[in-house]
Protein chains: 2
Amino acid sequence: MLLVERGVDPYRGARALPGGFLNHAGEDILDAAHRELREEADLDVARLHLEQLGTYGAPGRDPRGRVISVAYLAIAPELPDPVAGTDAADAGWESAADVLSGRTKLAFDHLRIVTDGIDRARGKLEHSALATAFCRETFTIADLQQVYEAVWGVQLDPRNFYRKVQKVPGFIEPTGQERRATKGRPARLFQAGPTTVLHPPLVRPESTDSEGAR
Amino acid sequence: MLLVERGVDPYRGARALPGGFLNHAGEDILDAAHRELREEADLDVARLHLEQLGTYGAPGRDPRGRVISVAYLAIAPELPDPVAGTDAADAGWESAADVLSGRTKLAFDHLRIVTDGIDRARGKLEHSALATAFCRETFTIADLQQVYEAVWGVQLDPRNFYRKVQKVPGFIEPTGQERRATKGRPARLFQAGPTTVLHPPLVRPESTDSEGAR
DNA sequence: GTATCTTAATGTCAAACAGACAGAAAGGGG
DNA sequence: CCCCTTTCTGTCTGTTTGACATTAAGATAC
């Protein structure tokens with residue numbers, strides 16, 4: 001995930017989600033999310049999936065006073081490795097595992113927001129074609145499987161995955177081309193199809209730890 | 001759904017979702033949702049399900065100026081038939097079909113909010129125990145089926161529904177009591193179980209109309 | 001050029017599941 | 001006591017799932 005290092009108090013030096021305030025009264029909040037992503041992280045990629053995650057407005061979440069944050073979940077493939085040195089103070093990539101485990105400390109209630117975002121992504125992978133937003137324009141089925149395995153944190157059977165993914169109508173479409181790696185049989189390349197809602201869904205294996213309350 | 005009639009411009013006389021502004025800088029937005037529900041609609045029921053739906057902040061959505069609304073989805077059973085005459089101007093129940101079809105005109109972008117809310121409810125019925133929030137403390141399986149049929153707008157087979165609902169562990173628990181109607185065999189009464197996430201989910205029958213893009 | 005290694009693609013099979021529907025159980029009313 | 005209604009319990013068939021075997025198509029080593 002993309003985090004910036006705070007240069008001012010409060011939480012100076014801690015990592016935080018990129019964000020900021022609305023510019024003027026006429027700015028749409030989605031536009032503002034795009035702008036902040038560009039300004040704070042120099043990120044202006046194509047194929048950017050951006051969806052509203054939720055709004056966080058607990059009274060004490062910002063010591064400076066009342067701040068209500070509308071969080072957006074952004075997903076994009078082929079991200080520039082170290083975010084290019086710009087005025088964007090210190091933006092950089094952090095492993096989600098490091099953040100979730102608490103090894104990387106986040107400012108404000110941003111850990112909560114991050115947790116919600118990951119939950120959202122995990123769930124949406126089942127019922128929507130969101131996984132293709134993690135991939136490039138064309139991809140192999142093994143690529144897609146890696147997305148599911150990484151986000152869900154599980155291992156999947158390649159043969160069954162292959163079968164199920166292709167059964168969902170309109171999810172992925174073959175391009176007719178192939179990609180050959182250094183080893184092994186060349187893999188057929190696919191691209192995202194028109195479907196956004198998966199029928200049937202790709203259900204993730206039931207984790208043994210009981211999910212309990214929400 | 002619960003709507004109030006606007007007494008002031010803009011949209012005077014049109015129906016709108018109950019809502020209002022934050023009281024003071026220390027008020028939590030969820031608390032504000034509860035308060036507005038109580039103030040505008042005299043609604044203060046037990047067993048009230050309230051979850052954040054989304055935030056709407058398009059520049060022109062309120063002609064008076066920039067207003068950002070955080071929408072909450074509320075669901076509760078046993079609602080008072082005509083909302084008792086209080087200072088709550090003209091609050092009343094409207095059929096969702098009337099609103100969705102456009103027969104009942106809504107102020108601002110509230111039709112969009114309502115549509116999103118119904119979509120959310122329909123989806124959550126599949127994967128969460130939300131349906132029990134529509135029911136009383138104890139209910140029969142037929143009651144629960146009526147919730148699913150009403151919200152999804154489909155007909156379900158009582159025998160298959162009976163089987164599937166009882167297979168989900170922790171969804172509903174038998175109370176040991178029965179309810180006898182005027183006709184027919186007495187039905188066993190159930191109550192909501194501890195589970196909030198349904199495993200396996202209750203998938204709704206695939207509607208014939210293609211869902212297309214989102 | 002052939003063996004071998006690696007990954008992709010296809011196939012097989014038993015168990016579980018889904019939808020459609022039959023029938024039995026348990027009440028009330030003529 | 002028969003009929004009607006609603007609830008509950010089965011049955012049956014086709015589909016899907018998860019586990020695993022097998023074949024296909026390249027690259028590389030020898």
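What's counted below: heavy atoms across the whole structure, side chains too, no hydrogens, waters or symmetry copies. A note on names: the letters A, B, ... follow the listed sequences, proteins ahead of strands, and every chain is numbered from 1.
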Checklist entry - Do B/Glu36 and B/Pro18 have side-chain heavy atoms sitting under 4.5 Å apart? => result no

Checklist entry - Does a nitrogen or oxygen in the side chain of A/Arg180 sit under 4.0 Å from OP1 or OP2 of D/dG26? => result yes

Item to check | Close aromatic pair by centroid cut-off 6.0 Å: A/His199 and A/His127 | outcome: no

Next on the checklist: Output the rounded distance in Å from CD (A/Gln146) to C1' (C/dA8).
Outcome noted: 14 Å

Checklist entry - With a 4.0 Å cut-off on heavy atoms, is B/Thr140 in touch with a base, just the backbone sugar-phosphate, or nothing at all? => result nothing

Checklist entry - Does a side-chain N or O from A/Lys183 land closer than 4.0 Å to OP1 or OP2 of C/dA8, or not? => result no

Next on the checklist: So if I take every side-chain heavy atom of B/Pro186 and compare against D/dT7, C/dT10, C/dA26, which nucleotide ends up nearest?
Outcome noted: C/dA26

Checklist entry - Atom CZ of B/Phe139 to atom P of D/dT7: distance rounded to whole Å? => result 15 Å

Item to check | Minimum-distance nucleotide to A/Lys167 side chain [options: C/dA8, D/dG26, D/dT17] | outcome: D/dT17

Item to check | Salt-bridge contact A/Arg120-A/Asp116 (side-chain N to carboxylate O under 4.0 Å) | outcome: no

Next on the checklist: How many whole angstroms separate atom CD of A/Gln145 from atom C1' of C/dA9?
Outcome noted: 13 Å

Next on the checklist: I want to confirm an ordering. Mapping B/Ala181 and A/Gly184 to their closest nucleotides on DNA chain C, which one lands closer to the 5' end?
Outcome noted: A/Gly184

Next on the checklist: Counting only heavy atoms from other residues, nucleotides and ligands, does the tally under 6.0 Å from CZ of A/Arg35 exceed 12?
Outcome noted: yes

Checklist entry - Parallel, tilted or perpendicular for A/Phe108 and A/His110, by the 30°/60° rule? => result tilted

Checklist entry - Quick one: B/Gln166 CD to D/dT7 P, roughly how many Å, whole number? => result 13 Å

Item to check | Interatomic distance, A/Gln155 CD vs D/dG18 P [rounded to whole Å] | outcome: 15 Å

Item to check | Between D/dG10 (C1') and B/Asp157 (CG): distance, integer Å | outcome: 13 Å

Item to check | Presence of A/Lys164 side-chain N/O under 4.0 Å of D/dG18 phosphate oxygens OP1/OP2 | outcome: yes

Item to check | Residue-phosphate contact under 4.0 Å: A/Arg163 side-chain N/O, C/dA8 OP1/OP2 | outcome: no

Next on the checklist: Once hydrogens and angles are ignored, does a donor-acceptor distance under 3.5 Å link the base of C/dT7 to the side chain of A/Arg185?
Outcome noted: no

Checklist entry - So which one's nearest nucleotide on DNA chain D is more toward 5', B/Ala187 or A/Pro201? => result B/Ala187

Next on the checklist: What is the distance, to the nearest angstrom, from the CD atom on A/Glu178 to the P atom on D/dA27?
Outcome noted: 11 Å

Next on the checklist: Return whichever of A/Pro200 or B/Arg188 has its heavy-atom-nearest nucleotide of DNA chain D closer to the 5' end.
Outcome noted: B/Arg188

Next on the checklist: Side chain of A/Arg159 only, heavy atoms from C-beta on: which candidate in C/dG19, D/dC20, D/dT9 is closest?
Outcome noted: D/dC20

Checklist entry - What distance do A/Leu202 atom CG and A/Phe171 atom CZ have between them, rounded to the nearest 0.5 Å? => result 6.0 Å

Item to check | C/dA8 phosphate, OP1 or OP2, under 4.0 Å from A/Tyr162 side-chain N/O | outcome: no

Checklist entry - CZ of A/Arg179 versus P of D/dG26: gap in Å, rounded? => result 16 Å

